[in-house]
2 protein chains.
Amino acid sequence: MLEYIILGFLMREEMSGYDLKQWMINCTSYFFDASFGSIYPALKRLEKKGYIKSSEVVESSKFKKIYSITHMGKSHFLTWLEKPIIFSKTKQEHLVYFYFYQYLPKERAILNLKTFIIEVESLLNQLSKEKSDVEESYNVNQYTFLYSTMVYGVNYYQFIINWCNDLLKQIEGEKV
Amino acid sequence: MLEYIILGFLMREEMSGYDLKQWMINCTSYFFDASFGSIYPALKRLEKKGYIKSSEVVESSKFKKIYSITHMGKSHFLTWLEKPIIFSKTKQEHLVYFYFYQYLPKERAILNLKTFIIEVESLLNQLSKEKSDVEESYNVNQYTFLYSTMVYGVNYYQFIINWCNDLLKQIEGEKV
DNA sequence: CAGTCCATGTAAGAAGTTACATGATTCT
DNA sequence: AGAATCATGTAACTTCTTACATGGACTG
């Protein structure tokens, strides 16, 4: 995942490992963050694979290693981005995809959003059913915390679906 | 985290590694899950530390290794559970804590919930401010996806706070 | 009698973190 | 002059997953 985040940031402009960390802190830290100990080795790997290239510069009397994305890197990134979003139940990884959907053709973004909604709806229906079963079988007041986490789950899935639908309306409403 | 989940499940009743996996699938998979490859080694570690003990039984002609929690394991688990909940921005780990809050004294549960709410409120305020800055500085229609992920973030934090407040009301309203 | 489920376990590898090491520059 | 920030990097470690290996019991 980290390697794709890096490529995604480099789609915008070339920058150093340190700059990447700053962007993460400022822009994505509420759903994704990484340490220097993983950023620098990731940059080395990406360069070795030919997805990025570096140039050592001295900017305002500070040594910097500026990385830029290659044609191969761009196509590698877009191939990944256009694949269906895998919903992780335990992490907020889906936001990583949406954050970079600016680089996807509108039609593809709409298609993937719809596929994603269907996947989350399926999970919502499963959990909703389990929640109903619990409501029927037990006195939920005796299991406040267990039941509340189920309520959390159901409402969380619904929240994601609503947000996706809002986003869908917005993109579909935009002038081509 | 996995070791505490296992201890939490064993607080209810003794069970095998296989049973633990079934409980995760049925009950916690929407916020936590683990593979056999991590469950079995975790059980070995926990037994080595003296937090659980095992007995090999043949139940309905099937070999099983049943684990039960020790006094030391219980106190180790409760010591962890009563500590302040660390909010992970990228994972749903806070639900793990709440799921087992049935084992915490009511007053402690209320205190930790309130502390947690304050932490999430602080994150909400930060992100809200950043969102306002973006709204002032840019035409958000040109950055639909970047802006939408921010809206997601703000609403997600608000969702958690609302859920916590509902839970708080419920526990406080319950007869002692 | 083949397939699925029950049941336990290991080995290799993925993907990160924390802590450390280094050194220049800028701020107070 | 000392602290904070800028900037890159490595080593050891943590914590998981995937894939494999094994074998008995049940099911159609």
Side-chain angles (χ1 to χ4, degrees), chain A residues 1-10 14-26 28-29 31-49 51-67 80 86-93 96, chain B residues 1-7 9-10 14-26 28-29 31-49 52-68 80 86 88-93 96:
Chain A
M1 182 60 73
L2 174 61
E3 293 189 10
Y4 292 110
I5 306 256
I6 290 173
L7 291 178
F9 277 120
L10 295 181
E14 52 175 34
M15 55 178 102
S16 67
Y18 193 86
D19 296 333
L20 279 162
K21 176 69 183 167
Q22 297 309 310
W23 273 86
M24 286 181 200
I25 292 169
N26 293 325
T28 66
S29 62
F31 60 89
F32 189 90
D33 206 1
S35 62
F36 284 121
S38 56
I39 291 171
Y40 287 119
L43 285 167
K44 288 214 161 176
R45 286 196 304 273
L46 286 168
E47 189 169 26
K48 208 173 172 183
K49 291 178 199 162
Y51 296 143
I52 61 177
K53 57 178 195 288
S54 65
S55 58
E56 298 184 11
V57 296
V58 177
E59 210 179 86
S60 55
S61 68
K62 265 171 228 150
F63 168 79
K64 273 196 174 198
K65 217 168 158 182
I66 303 289
Y67 290 93
W80 167 77
I86 297 149
F87 179 66
S88 160
K89 294 173 181 178
T90 54
K91 292 182 215 156
Q92 305 273 4
E93 285 187 346
V96 174
Chain B
M1 181 61 71
L2 175 60
E3 292 188 12
Y4 292 109
I5 305 257
I6 290 173
L7 291 178
F9 276 121
L10 295 181
E14 52 175 34
M15 55 178 103
S16 67
Y18 193 87
D19 296 333
L20 279 162
K21 176 69 183 164
Q22 298 309 308
W23 273 85
M24 285 181 200
I25 292 170
N26 293 325
T28 66
S29 63
F31 61 89
F32 189 91
D33 205 2
S35 62
F36 284 120
S38 55
I39 292 171
Y40 287 119
L43 286 168
K44 288 214 162 177
R45 287 196 305 273
L46 285 167
E47 189 168 26
K48 208 171 171 183
K49 290 179 200 161
I52 61 175
K53 58 178 195 287
S54 65
S55 58
E56 297 185 11
V57 296
V58 178
E59 209 179 88
S60 54
S61 68
K62 265 172 231 152
F63 168 79
K64 274 196 174 198
K65 218 167 156 181
I66 303 288
Y67 290 92
S68 60
W80 167 78
I86 297 149
S88 159
K89 294 173 181 178
T90 55
K91 292 183 216 156
Q92 305 274 4
E93 285 186 347
V96 173

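Per chain, numbering begins at 1; letters A, B, ... match sequence-line order.
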- Who are the ring pair (Phe, Tyr, Trp, His ring centres under 6.0 Å) partners of F63(B), not counting sequence neighbours?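 F63(B) satisfies ring pair (Phe, Tyr, Trp, His ring centres under 6.0 Å) with no residue once adjacent residues are dropped.
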
- Message: Checking Y51(A) now: which residues fulfil side-chain hydrogen bond (donor to acceptor under 3.5 Å, both in side chains) with it, not counting sequence neighbours?
- Response: H76(A)

Using atom [atom1] of [X] as one end and atom [atom2] of [N] as the other, report the distance to the nearest whole Å.
{"X": "M24(B)", "N": "dT17(D)", "atom1": "CE", "atom2": "C1'", "value": "14 Å"}
{"X": "Q22(A)", "N": "dT8(D)", "atom1": "CD", "atom2": "P", "value": "10 Å"}
{"X": "K89(A)", "N": "dT17(D)", "atom1": "NZ", "atom2": "C1'", "value": "16 Å"}
{"X": "L46(B)", "N": "dT15(D)", "atom1": "CG", "atom2": "P", "value": "12 Å"}

- Message: Reading DNA chain C from 5' to 3', where do the contacts with chain A start and stop? Cut-off is 4.0 Å to heavy atoms.
- Response: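 Result: dG16(C) to dT26(C).
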
- Test side-chain contact (heavy atoms from CB on, under 4.5 Å) on L46(A) and L10(A) and set out the steps. CA-CA 12 Å; L46(A) 286 168; L10(A) 295 181; 5.9 Å; no

- Query: Do the side chains of D33(A) and T90(B) get nearer than 4.5 Å, heavy atoms only?
  - Reply: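 Side-chain contact under 4.5 Å: no.
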
- Message: Please verify the inter-ring angle class for W23(A) with F9(A); under 30° counts as parallel, over 60° as perpendicular, anything in between as tilted.
- Response: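 If you compare the ring of W23(A) with that of F9(A), the planes turn out tilted.
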
- Write down the atom of S35(B), the atom of K21(B), and the distance for their closest heavy-atom approach.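 Nearest pair, atom of S35(B) first, then K21(B): CA-NZ, 4.2 Å.
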
- Of the non-hydrogen atoms in L2(B) and A42(B), which two are nearest, and what is the gap between them? CD2-CB, 3.9 Å

- Item | side chain to side chain contact (heavy atoms under 4.5 Å, CB included), paired with I66(A), selected from E14(A), E56(A), K53(A) | E14(A)

- Could you encode protein contacts along nucleotides 22-28 of chain D as a string, one character per nucleotide from 5' to 3', using B for base contact, S for sugar-phosphate-only contact and - for no contact, with a heavy-atom cut-off of under 4.0 Å? ---SS--

- Stepwise side-chain contact (heavy atoms from CB on, under 4.5 Å) test for K91(B) and F32(B): CA-CA 9 Å; K91(B) 292 183 216 156; F32(B) 189 91; over 6 Å; no

- the helix from dC1(C)-dG28(D) to dT28(C)-dA1(D): angle between its terminal axes, five pairs each, to 10°?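 Result, rounded to 10 degrees: 30°.
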
- Relative to the 5' end of DNA chain C, which residue comes earlier, L2(A) or K64(B), by the nucleotide with the nearest heavy atom?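 Mapping each residue to its closest nucleotide by heavy atoms, the 5'-most match is K64(B).
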
- Query: Between Q22(A) and M15(A), is a side-chain contact (heavy atoms from CB on, under 4.5 Å) present by the stated rule, with each step listed?
  - Reply: CA-CA 10 Å; Q22(A) 297 309 310; M15(A) 55 178 102; over 6 Å; no

- Task: List the steps, then state whether side-chain contact (heavy atoms from CB on, under 4.5 Å) holds for I39(A) with M24(A).
- Result: CA-CA 11 Å; I39(A) 291 171; M24(A) 286 181 200; 4.2 Å; yes

- Near DNA chain C, which residues from residues 34-42 of chain B have a heavy atom under 4.0 Å away? G37(B), Y40(B)

